[in-house]
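Just so you know, these numbers use all the heavy atoms, side chains as well, and skip hydrogens, waters and symmetry mates. Naming: A, B, ... by sequence-line order, numbering from 1 per chain.
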2 protein chains.
Amino acid sequence: MCHGAFMNNISEHSRRCRSSKRADRGSTRSLIIDAAGRVFAEKGFAKTTTREICQKAGVNSAAVNYYFGSKEGLYDEVLVEAHRQIISLDQMKTIMEDSAMSDEDKLRFVFSLVFRTAANASGLWGIKVLMRELAFPSAEFPRSLKDEILPKAKLMRGLMGRLVNAPADSVKAAHAAFLVMMPCAYLLLFSEKIRSSILPELAYREEMVRSMHAYTMAGLSALRG
Amino acid sequence: MCHGAFMNNISEHSRRCRSSKRADRGSTRSLIIDAAGRVFAEKGFAKTTTREICQKAGVNSAAVNYYFGSKEGLYDEVLVEAHRQIISLDQMKTIMEDSAMSDEDKLRFVFSLVFRTAANASGLWGIKVLMRELAFPSAEFPRSLKDEILPKAKLMRGLMGRLVNAPADSVKAAHAAFLVMMPCAYLLLFSEKIRSSILPELAYREEMVRSMHAYTMAGLSALRG
DNA sequence: AAAAAATTAAAACATATGTTTGAAATTGAC
DNA sequence: GTCAATTTCAAACATATGTTTTAATTTTTT
C-alpha cells in the first residue's frame, strides 16, 4: 500500500543517483516522462492515452499511476521537464543583464536560440508542449509554471522597451514584444505538415535568421521613430 | 431507418427556406452546428463531447448522429461553416486583383480584417476553429478545405512578392509572408487568458493596427533592399 | 382525416481509457 | 540467506462518451 504516488516529494536527486539495477538505461520514471513528453507534444493532453505512453516507454500500464498518481500528475512533471529543456531563468537573466552585449545582439541571440530549438524540434519535445500550453492552456497549467514564464516574459519586455526607446511596461513595448515574438512562437508551434504545404520554401536556415533579424530591426526602428 | 445522415447532400437552401414549424428560431441542424462551433472553438475536437453540444443546443443527444452521422461528420460541417464566416475566395480575389488599390492598402485591408475578426472573436467561432486546425490539424482536416486555404495563401504570397519586389514563389516572398502573417495568426489564435497576463497592454485598438502597419512596412522595406 | 415520412426522445449499448487491485518478482538492509 | 520494502505485472474496475435502438411525436402528403 506504500505506493510511489507519495514519492513525488522525495528529492529526485537521491532517486537518480541510486545505481538503478532494474532498468539499465534510465529509471522507469524517466522513461515514462520522456515517452509522455513525446506523445503529449505530438497529440496534446486530451488525445494522449496513458496506455500509449506506457507502451512507448516499455513499462506496465499501472506505472503512470504508481509514479505520478494520475495522468495530470504526469503532465505536471512533463511541464517541469519542458522548462528545463529550453533555457533557465538564471541563464536568461545572465544574458539580458550582460552589459558587454548590445541589445541588438541580445535579440539575435534570442533568434538563434529559437532556430536551434526549432531545428531540433524532433529531439526536444519540451518546446512543443509549452507552446501548446500558450495557445491552449490546459486545466493543469500550474501556477508555478506561470511564475517561470512571466519572469522570462518580463526580461523580454525589458529588452523590447530598450529597443524601441520606451518603458518596459508601455504600450509601445508591448506592441514590439508581440510583433517580434509571435513569428518565433509560431515557428516553434506551427504544424510541420501545414507549414511545408503552404510555405515549402521556408527552411530553418541561416538565411531565415538573417531575414528575421533585418525585418525585425527595421520594424522596431519604425516603432521607435 | 431513413435517417438524416443521408440528408447532408440535400441542398441546405431548401431546408432553410422551408417554414420551420417545429423549432421557431433555426432548425435543429443549425442549432447543433452553431453550438458545436462554439464548443469546438473553445475546447478543440478531442475535449468536446457531443453531449455538451446537444445540451447547449437544447436538442437530444441522438441528434448529432441523426443529422451528421458522427462527431467527425459534424466537425466537417463546422469547418465548412467556419470558412463561410471569414472571407470567401472570390471576395479575396476581387480585392487582390483590384488595380485601383495599392499593395500597401491591400495589406492594410488584411490587417483590418484580422482585427475586426479578433475583436469579434466571441461571436465568430469560425476563426478559432480554423486556427486550431492550422496549429494542430485534426485527422478530419478535409482535402476540400486545403483546397480553400491554399488558393487564399497563394493570393497572399502574390501580394507579399510584390511588396518585397520578388517572385511569389521565391524564398524572399516566403519569408515575408511568414513574418507578416504570423503575428496575425497568433492574434487570432492566442489564448486570451495568457495574452492578458503576459501582455496586458495589448488591446485590439486602432493604435495596434497602426503599429503593425508601420512595423510591417519598415520590415518589408528592409527585406526588399 | 388517414397514412406515410421525418423528427425527437429516453434509454440501452459498446468501447476506450484512467485507475485500482492484489499477487508476484525484485531489491536492499541486516 | 532472510525479511521487509519497493517495484512490476496482469487483470479487473469504473466511468465517460460516441453510437444505436426503438418507440413516441410531429409534420407532410394524399
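Between the CG atom of B:Asn65 and the C1' atom of D:dG18 there is a distance of 7 Å, rounded to whole Å. A straight line from CD1 of B:Ile32 to P of D:dT19 spans 13 Å, rounded to a whole angstrom. The CD-P distance, from A:Glu72 to C:dT17, rounds to 15 Å in whole Å. We find that NZ of B:Lys71 is positioned 12 Å from C1' of C:dA16, with the value rounded to whole Å. Separating the NZ atom of A:Lys47 from the P atom of C:dA16 is a distance of 17 Å, rounded to the nearest angstrom.
Side-chain proximity of A:Thr28 to the nucleotides C:dA6, D:dT19, D:dT8 is greatest for D:dT8. Looking at the side chain of A:Thr50, the nearest of the listed nucleotides C:dT19, D:dT20, C:dT8 is C:dT19. Distances from the side chain of B:Arg51 to the nucleotides C:dA12, C:dT20, C:dT7 place C:dA12 closest. Nearest to the side chain of B:Thr49, among D:dT17, C:dT20, D:dT19, sits D:dT17. Among the nucleotides D:dT19, C:dA6, D:dT7, the one closest to any side-chain atom of A:Tyr67 is D:dT7.
Among residues two or more places apart in sequence or in another chain, the side chain to side chain contact (heavy atoms under 4.5 Å, CB included) test is passed with A:Leu155 by A:Leu89, A:Met92, A:Lys93, A:Met96. Applying the ring pair (Phe, Tyr, Trp, His ring centres under 6.0 Å) criterion to B:Tyr215, with sequence neighbours excluded, gives A:Tyr215. Contacts of B:Lys43 classified as side chain to side chain donor-acceptor pair (under 3.5 Å), with partners at least two apart in sequence or in another chain: B:Glu52. With sequence neighbours left out, A:Ala36 forms a side chain to side chain contact (heavy atoms under 4.5 Å, CB included) with A:Phe40, A:Ile53, A:Leu74, A:Val78.
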N/O donor to acceptor pairs below 3.5 angstrom from side-chain atoms of residues 107-116 of chain B, sequence neighbours left out:
unit_1   : atom_1 : unit_2   : atom_2 : d
B:Arg108 : NH2    : B:His213 : NE2    : 3.4
B:Ser112 : OG     : B:Arg108 : O      : 3.1
B:Ser112 : OG     : B:Phe109 : O      : 2.9

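For residues 55-63 of chain A, proximity to DNA chain C is found at A:Ala62, defined as any non-hydrogen atom under 4.0 angstrom from a strand atom.
Contact check for B:Glu81 versus B:Arg84: side-chain heavy atoms found under the 4.5 Å cut-off.
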